[in-house]
Q: 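What follows is a single structure, and I will ask about it in a moment.
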Amino acid sequence: MNKSALAESAESIAGPPGETSLPLVLKKLLLSRDETLQVASAHCITAVLVHSPVKHAPAFIHADIPEFLFEHLSSSSEVLIWSSYNCLILLAEEPLFFSKCHTVYGIEAVVRSLQGILKVNNTELHKQGLLLFAEILTRQPEEIKLFTSSAVRRDAGRALQEAVSSPVLEVAAEAVKATSAFLRKDHQSTPPVQYRELRALLEAMLSRCAELSQIPLNRRPLGHASSRDSEKAILQRGKFLLSTLEGFRNACRLAVEFQSEPSAQENPFTAPSGEKEDTLEAFSEFLLSTCDSSCIPMVMRHLEQATHPALMEVFLSILHSLFVIVPHMKEKFSKKLAASSFIQLTLELKARFCRGLSHSALNQVCSSFLFYMCLNLLSVPEKTGPPSQEELSEVSELLQHGLPQISSRSPESLAFLSDRQYVEGAARQRQCCILLLFYLAYIHEDRFVSEAELSVAVQSFLLSLQDQGERPQLVVFRASIYLLAICQDKDSALDEQLHSSLISIS
C-alpha cells in the first residue's frame, strides 16, 4: 500500500457501518502465524499513526491492538520486535493507552523483551526498546500502579542496570533517561521497597558516567576540526552528566517522600540477623556518601570545561535535598561544602547567570541551597558562641529575603558593602547577607576576596550603621567583629571613628 492510498484509508479508518474497519483488518494480520504479515501489519499501523496519532490511536486501542503488539515482543524476530516497539511508542502518546490499563498488562512483556534484546548485538533495537520503556514509565498516570509485582519491578531494575552499563553511549543515554523515570514513588512504592536493587542501579549509572568523564579529550592543535570534535565531546558529556544527575535527584526525592511512609522504612523480608542494607536509613546514607565521592567530583571536573545552568540547577538541588535526607549529617556536610569553596561557587553562578530575571529557577535553587547551608553553619559556629533560637530566627528571615537579591560579583559586592550613602531596608538586608557569606567563607578558609579590601568594606558598613543609627542583628555584629579581627593589620589599630562606632552599635 503506497502512502497516498494509506492516507486516504486513514481518513475513514473506522469504515462505514456494517463494514470491517481497518484496525480489525490489521488486527487479523497481527494474529496470523505469518511473520511477514505480522510485520506488514505493524508497519501499516505505524504509518497510519504517524499520519495523525491523535485522530487514529483511539480506534486501534479500542480494537485491543496494544495487547497483541505486547505479545509479539516475545518473538525471536528482531524485525517484528522493532516494528512492535515503533507502534507502541506512537500509541503511548494517547492517554487512552494508559487508562485502558494496556501498560499494566504489557509491562512484564516489555521488561522480558528488554532482558532478551540486550543479549543481542543490535544497538538500534536496544535504543528503541529503552525509548518505549521510558515513555511508559514517564507517561503512566500515578493513580494507576504500573508494577503490581515486585518481581517484575526487580527485573526491570536489573535490565536497566545492564543497559546503563552498555559500552554504546547512545544506548546508555536512553537507559539513564528510563532510569530517571523508573525512580518515581508510584513505581517503587509496592512493598517491599527494594533499596539494595536501587542502590545497585544508581551505582551502575554513576559508574558509566564517571567512565565517560575520564576519557581524555583530543586537544591536539590540528585545526578547527579537532576543536569542533572537543566541543562536541564536552557537550555530549554534559548531556549525559545532566541525565545522570536528574536520575540521582529523583532517587533523592524518593528518599524524602519515603520518610513519611512507615511501610517504606525497611524491607520486612530482610532477615533480622542480616545486614540492614534494605532500609531507608542505609539508602539515605548511601546517597550522601555517593554524592560526596562521585557526583561532586564529576561535576567539578565538568566545570573545568563548561558551565551549564540547567546542570548546576539539578546539582545544587541534590545538595540541598541531602540536608533533609540525612539530617544528622547536615552540619558536617555543610562544613565540608563550605571548605570546598561552595559559597564562592554558588555566588559566581548567581553573578554569571542570574542577573535581572534571567535563569530565575537557578537563582531560586542557588538561594535555597545557600540559605540552608548558612543556617547549618551558623547553628554550629567555629569561632563564635552558638546563637540563640531567637537570633537564628532573625538571621533566617534576613537570609530568606536577602539571598535571592544577590547576583553581583565579588568586587561589586565589596563596593556595595562599602556604600556609605543612605541605605534603605532591602539594600541593608543584602549588605548583611553579603557580610555573613564572607564571614562563613572566611571561617572555612574560602578566602576569595582580599583581607585588605574586606576590612575596608566591613569598616564602611559599620560606620554606615552608626550614621543611620541602626543596630544590626547580633549574628551580623559578631561576624563583623570577627572579620575585622582577621583582616586588620596586626600593626595598626582601629581608627577612632570606627572604635566609637563599635561601641555605639554594640
Side-chain angles (χ1 to χ4, degrees), residues 42 46 50 69-70 73 78-93 97-98 103 106-140 146-147 152-184 187-188 197-198 200-213 215 232-251 298 302 308 310-311 314:
T46 300
V50 167
L69 291 171
F70 279 125
L73 296 184
E78 294 178 22
V79 176
L80 182 55
I81 294 173
W82 163 268
S83 303
S84 300
Y85 281 156
N86 286 343
C87 289
L88 289 165
I89 288 168
L90 291 168
L91 288 168
E93 295 180 22
F97 180 67
F98 298 94
T103 49
I107 192 62
E108 185 172 357
V110 174
V111 171
R112 287 182 178 174
S113 172
L114 282 174
Q115 290 175 314
I117 65 169
L118 289 171
K119 293 178 171 59
V120 303
N121 185 23
N122 189 330
T123 297
E124 293 304 314
L125 190 61
H126 297 171
K127 287 162 57 178
Q128 205 72 352
L130 289 163
L131 177 60
L132 170 62
F133 193 30
E135 286 292 304
I136 291 173
L137 290 166
T138 302
R139 294 174 181 266
Q140 180 73 16
L146 182 64
F147 294 101
V152 174
R153 186 181 62 198
R154 181 199 61 220
D155 290 344
R158 290 178 181 178
L160 287 173
Q161 186 179 335
E162 182 179 352
V164 297
S165 304
S166 170
V168 181
L169 184 60
E170 292 84 356
V171 173
E174 287 294 343
V176 169
K177 291 174 187 175
T179 297
S180 187
F182 181 64
L183 293 166
R184 235 171 62 177
H187 294 329
Q188 301 298 329
E197 298 287 340
L198 292 177
L201 175 56
L202 290 170
E203 286 173 335
M205 181 178 71
L206 290 165
S207 175
R208 184 65 179 91
C209 191
E211 180 185 310
L212 177 64
S213 70
I215 298 173
K232 184 179 178 182
I234 290 169
L235 182 63
Q236 195 176 47
R237 290 180 183 191
K239 286 181 178 179
F240 195 90
L241 177 58
L242 174 58
S243 293
T244 300
L245 291 174
E246 285 173 338
F248 195 84
R249 178 177 62 178
N250 285 356
M298 282 195 293
H302 186 71
H308 302 290
L311 189 151
V314 174

Q: Counting only N and O atoms by type, is there a donor-acceptor contact under 3.5 Å from the side chain of Arg112 to the main-chain atoms of Val152?
A: no

Q: Which atoms form the tightest heavy-atom contact between Val164 and Ala172, and what is the distance?
A: O-CB, 3.6 Å

Q: Under a 3.5 Å threshold, yes or no: a donor from one side chain and an acceptor from the other, between Thr103 and Gln140?
A: yes

Q: Who are the side-chain hydrogen bond (donor to acceptor under 3.5 Å, both in side chains) partners of Asp155, not counting sequence neighbours?
A: none

Q: Roughly how far apart are Ser180 OG and Met205 CE, rounded to 0.5 Å?
A: 7.5 Å

Q: Between Phe70 and Phe97, what is the ring plane arrangement, given parallel below 30°, perpendicular above 60°, and tilted in between?
A: parallel

Q: How many angstroms lie between CD in Glu93 and CZ in Arg139, if you round to the nearest 0.5 Å?
A: 5.5 Å

Q: Of all residues at least two apart in sequence or in a different chain, which pass the side-chain contact (heavy atoms from CB on, under 4.5 Å) check with Glu197?
A: Arg154, Arg158, Gln194

Q: Mind checking side-chain hydrogen bond (donor to acceptor under 3.5 Å, both in side chains) for Ser243 and listing every partner two or more places apart, or none if nothing turns up?
A: none

Q: Starting at NE2 of His126, measure out to OH of Tyr85 and round the result to the nearest 0.5 Å.
A: 9.0 Å

Q: Shortest non-hydrogen contact from Ser84 to Leu73?
A: CB-CD2, 3.8 Å

Q: Which pairs would a plain distance check flag for residues 233-241, meaning a side-chain donor or acceptor within less than 3.5 Å of a matching protein atom at least two apart in sequence or in another chain?
A:
| unit_1 | atom_1 | unit_2 | atom_2 | d |
| --- | --- | --- | --- | --- |
| Arg237 | NE | Leu212 | O | 3.4 |
| Arg237 | NH1 | Ser213 | O | 3.3 |
| Arg237 | NH1 | Ile215 | O | 3.2 |
| Arg237 | NH2 | Ile215 | O | 2.0 |

Q: For Glu78, give me all partners under side-chain hydrogen bond (donor to acceptor under 3.5 Å, both in side chains), at least two apart in sequence or on another chain.
A: Asn122

Q: Applying side-chain contact (heavy atoms from CB on, under 4.5 Å), can you list everything that pairs with Ser165, at least two apart in sequence or on another chain?
A: Ala204

Q: Ile81 vs Gln128, test: side chain to side chain contact (heavy atoms under 4.5 Å, CB included). Steps then yes/no.
A: CA-CA 10 Å; Ile81 294 173; Gln128 205 72 352; over 6 Å; no

Q: Check whether any side-chain N or O of Lys119 sits under 3.5 Å from a backbone N or O of Gln115 as a donor-acceptor pair, and report yes or no.
A: yes

Q: Heavy atoms only: give me the nearest Leu201-Gly157 pair and the separation to one decimal.
A: CD1-O, 3.9 Å

Q: How long is the span from the CG atom in Leu160 to the OG1 atom in Thr179, to the nearest 0.5 Å?
A: 4.0 Å

Q: Which atom pair, heavy atoms only, marks the closest approach of Ala134 to Ala181?
A: O-CB, 4.3 Å

Q: Any non-hydrogen side-chain atom of Leu198 less than 4.5 Å from a side-chain atom of Gln188?
A: yes

Q: If every non-hydrogen atom of Thr138 is compared with every non-hydrogen atom of Arg184, which pair is closest and at what distance?
A: O-NH1, 3.0 Å

Q: Show your working on side chain to side chain contact (heavy atoms under 4.5 Å, CB included) between Val110 and Leu88 and close with a plain yes or no.
A: CA-CA 10 Å; Val110 174; Leu88 289 165; 5.6 Å; no

Q: Can you tell me how far apart CG (Asn86) and OG1 (Thr46) are? Round to the nearest 0.5 Å.
A: 5.0 Å

Q: At their closest point, which heavy atom of Leu137 faces which heavy atom of His187, and how far apart are they?
A: O-NE2, 2.9 Å

Q: Looking at CZ of Arg153 and CG of Leu146, how far apart are the two atoms once the value is rounded to the nearest 0.5 Å?
A: 11.0 Å

